[in-house]
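All chains are named by letter (A, B, ...) in the order of the sequence lines, taking the proteins before the strands, and each is independently numbered beginning at 1.
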Amino acid sequence: MADRYEHHAVESKWRDRWEADDLYHASDDDPRPKWYALTMFPYPSGDLHTGHWYAMAPPDVAARYRRMRGYNVMFPMGFDSFGLPAENAAIKRGVDPAEWTNANIERMRGQLRRMGAGFDWAREVVTSSPDYYKWTQWWFLQLYKRGLAYRAEAAANWCPGCQTVLANEQVVDGRCERSDDVVERRFLTQWFFRITAYAEELLKFEGIEWPERIRTMQTNWIGRSEGALLGFTVDVPGIDEKLRVFTTRPDTVYGATFMVVAPEHPLVDRITTPEQRAAVDEYVRATNRQTEIERLSTEREKTGVPTGAYAINPFNGARIPIWIADYVLVTYGTGAVMAVPAHDTRDFEFATRFGLPIVPVFDHPEIDVTKPLAAAFEHGTRMINSGQFDGTPDEEAFSAVVSFAEQHRIGERTVNYRLRDWLISRQRYWGAPIPMIHCERDGIVPVDEADLPVLLPEGVTFEPTGQSPLTQIPEWVNVTCPECGGPARRETDTMDTFMCSSWYQMRYADPHNPERPVSREAARKWLPVDQYTGGGEHAVMHLLYTRFFWKAARDMGVVEGDEPMLRLFNQGVILGPDGNRMSKSRGNVVAPDEQVDRWGADAFRCQLMFVGPWDQGGPYNPTGMAGIVRWLNRLWSLIVEEAPLADEPGSAAARELRRITHKTIRRATEDIEALRFNTMISRLMEHSTAMQRAREQGPVDRLAWQEATRTAVLLTAPLAPHITEELWERLGLPYSIHLHPWPEFDPELARDEEMELVVQVNGRVRDKILLSSDAGEEEAKAAALASPRIQEWLEGKDPKRVIVVPGKLVNVVL
RNA sequence: GCCGGGGUGGCGGAAUGGCAGACGCAGCGGACUUAAACUCCGCGGCCGAAAGGCAUGUGGGUUCGAAUCCCUCCCCCGGUACCA
């Protein structure tokens, strides 16, 4: 029986050896240049699935490549372990969230180990461990000190299923991102982070290579609009404050024929006339009853009622009615608009429905501006119906009107953002407690840094009540005020778990530091992340929050530089063999543990990368595994079985083998640099096929064969770390292949001696001729025209033109 | 509606201005074998006997030459949406 490749024995042998040797530990003292490779850490659900492998194995390949390239590579792993599932398990099965979580982590560590990834486990972080969340709380206190954390009453997204509030980013189509329950709007006092303070800077993506898609999504989410705030006088006795509106088109102010405020707007109650009271109250109630989903439907016909009150246009003194309507959102701008039906389709729709006047304020050469159709154009040539501004050209209108407004103190130029501050309070147990104390005398008082962490109490019951389960533990809630020593209560809300993941990449640099979240030296040594990888679904959540957090940390002097992750790559979604998302109910789940048992981790890793481009994702192909297994077996036999050797370095066969070896180095290197693992594997397959052919036709030149075997094993090492380590040993080479330098290619050796020249007639291939590869343009042209097949096409005539693409083709134009 | 990605053999995909279908799966034929498995070799878009013609969602354009660049439209995936 020949020496066959037994993946079980080989993989466990080397996993044990690597662990015993701490092969993948990134030392702080290593003088080589650092490379920080990070892939998003998992939530410890208790089972590692194929999606995790798809997210982690390719980054491991890239990290291993960097290590072979001479970098001191840090590739850490941890667990994002706070969050709802643990608490739901507690409610359902009565288990302790901490125990449940820790058992899951234990199991997943074992599953991750089988991947054979070069994780630096000495740097592991677990966000629900007090050593970690102590610092999450510390960050909260720093943000509070700097005015970036504050408490406010606001319309919050309330998930009735989770019995907690959610951040805007966690509401998808009016539903809870986690539970899919329809989200309600509630006015509650909550903690916020002032992410809007960094809105402008978050729009810049300088010095980072992030996918266009993510940058666009973040840009749209932040939603910067330039415009003006204008103040309209409210023509109601006793109301002195102005009705302020944000508009991107102050130049249309003369066309404002009515005002619309959101039903929730604070002025509504005070300006409503007695005659309109009943109608307004009913409309406000109806709006509250509506779900976000109904309200967001754009197909719906516009609704609204007049308040009976009027506003005065500060530009022309026009007295115009104030309406309420739910198409105006209280959360955007000032929650009120000046309606210009001639130049805004929504206002136009509303005006048409309720018979309100439509006054165009821009002339347009092709449109009869006296007709309602005028709403179809946003701009025109010059201002009309606009008093002293009549005749002002379109391009100058905006600044003319705004300058006038600023001079007369009736308005000002401004920038408005769609981005809201980040609501971080959660009325749940399994999160980091917010380290604040409410004192009757001193108000809100931060916990002393020396008293961190504020530990989660044990023995809590978890029935959802709408209040944090922490409220049930009086001995935990009741404390003395750090300021006055009097009776006080702890804040019972916990933090959004996105807070934990906003800074975890910093902690990996210095995971055991008891004094600081990360020392200055460690931050300088390791940060920022050089290559970050993970799913694109985090575009406007984690990936935005972590940028905000980093900028705040920079301003605190904790880290240096403006961005936390220099390069970002979003992998696609790996689907089941049927092309659908893997799910138990569909029965299309591919379980990594089973694949590893059957084929080995190396084969499973390679198959995941071979099915297609990594950023595209796509269906997993289990039958295709045969091709990967054949390839690995072929590589095995090429190394393990003897080849007939001879010493004839100058032979054509030797030159040919070296040529394909060096070409493979070049192409495989290009591919792995660009994270194109599918084409990289196909290059390596071609190389092993060429080697096999060379051996069969043997004898093979000893040195050329040695170069080919070593190169094949080295280039495969990042992809299939176990089998290559074994083969490296069998080649008699010193442990470990994963610390060996990446092979260099020699352009001279890779160069073809002969080339196949394609000859086209009128752009269609008619012949192929062999030519020395250093043949010049003239030579190529002459050879092409001399070809008998081309002669036939020429029919004795001269060609009109001959185009020569050096090294590629000749095109004869007739 | 708007933004981003995509549409290529039976299947996954390759080729980003120069031989369409690399590499692999499945299939067919052959060698080895008592037989099977493994392994190896060969074939493989469509029409046609061949010459040749037709083929990269649709229709047009630019070019000596287009899967690739430009325009029109259709379909699929993801995101986002009354944002004033």
Separation between the C1' atoms of B:A31 and B:C69, rounded to whole Å: 50 Å
Contact list for RNA chain B against residues 662-677 of chain A - heavy-atom distance below 4.0 Å: none
Output a table of nitrogen or oxygen pairs between the protein and nucleotides 52-54 of chain B separated by less than 3.5 Å.
{"from": "B:G53", "atom 1": "OP1", "to": "A:R766", "atom 2": "NH2", "distance (Å)": "3.2"}
{"from": "B:G53", "atom 1": "OP2", "to": "A:R766", "atom 2": "NH1", "distance (Å)": "3.1"}
{"from": "B:C54", "atom 1": "OP2", "to": "A:R764", "atom 2": "NH1", "distance (Å)": "3.0"}

Side chain of A:S682 (C-beta onward), nearest among B:G12, B:A84, B:C23: B:C23
Interatomic distance at P, B:G59 relative to B:A22, whole Å: 26 Å
Pairwise C1' distance for B:U56 and B:G21, with rounding to whole Å: 9 Å
Face-on cation placement of A:R605 at A:W53 ring, 6.0 Å and 45° thresholds: no
Glycosidic class, syn or anti, of B:G9 using a 90° window around 0: syn
Provide a list of protein-nucleic acid N or O atom pairs under 3.5 angstrom, restricted to nucleotides 27-33 of chain B.
none

Donor-acceptor list for residues 606-618 of chain A side chains, cut-off 3.5 Å, not counting sequence neighbours:
{"from": "A:Q607", "atom 1": "NE2", "to": "A:N621", "atom 2": "O", "distance (Å)": "2.8"}
{"from": "A:W614", "atom 1": "NE1", "to": "A:Y54", "atom 2": "O", "distance (Å)": "3.0"}

P spacing across the pair B:C54 / B:G65, given as an integer number of angstrom: 14 Å
Phosphate-side-chain proximity, A:N678 and B:A14, N/O vs OP1/OP2 below 4.0 Å: yes
Contact under 4.0 Å: A:R213 side-chain N or O vs B:G5 OP1/OP2: no
Pairs touching residues 568-578 of chain A that satisfy salt bridge (Lys or Arg N to Asp or Glu O under 4.0 Å), sequence neighbours left out: none
Protein and nucleotides 37-40 of chain B: nitrogen or oxygen contacts under 3.5 angstrom:
{"from": "B:C40", "atom 1": "OP1", "to": "A:Q692", "atom 2": "NE2", "distance (Å)": "3.4"}

Same-atom distance (C1') from B:A20 to B:A55, integer angstrom: 9 Å
A:T623 side chain near B:C11 phosphate (N/O to OP1/OP2, under 4.0 Å): no
Whole-angstrom distance between B:U68 and B:G24, as gauged at atom P: 27 Å
Euclidean distance for P, B:C77 against B:C71 (whole angstrom): 25 Å
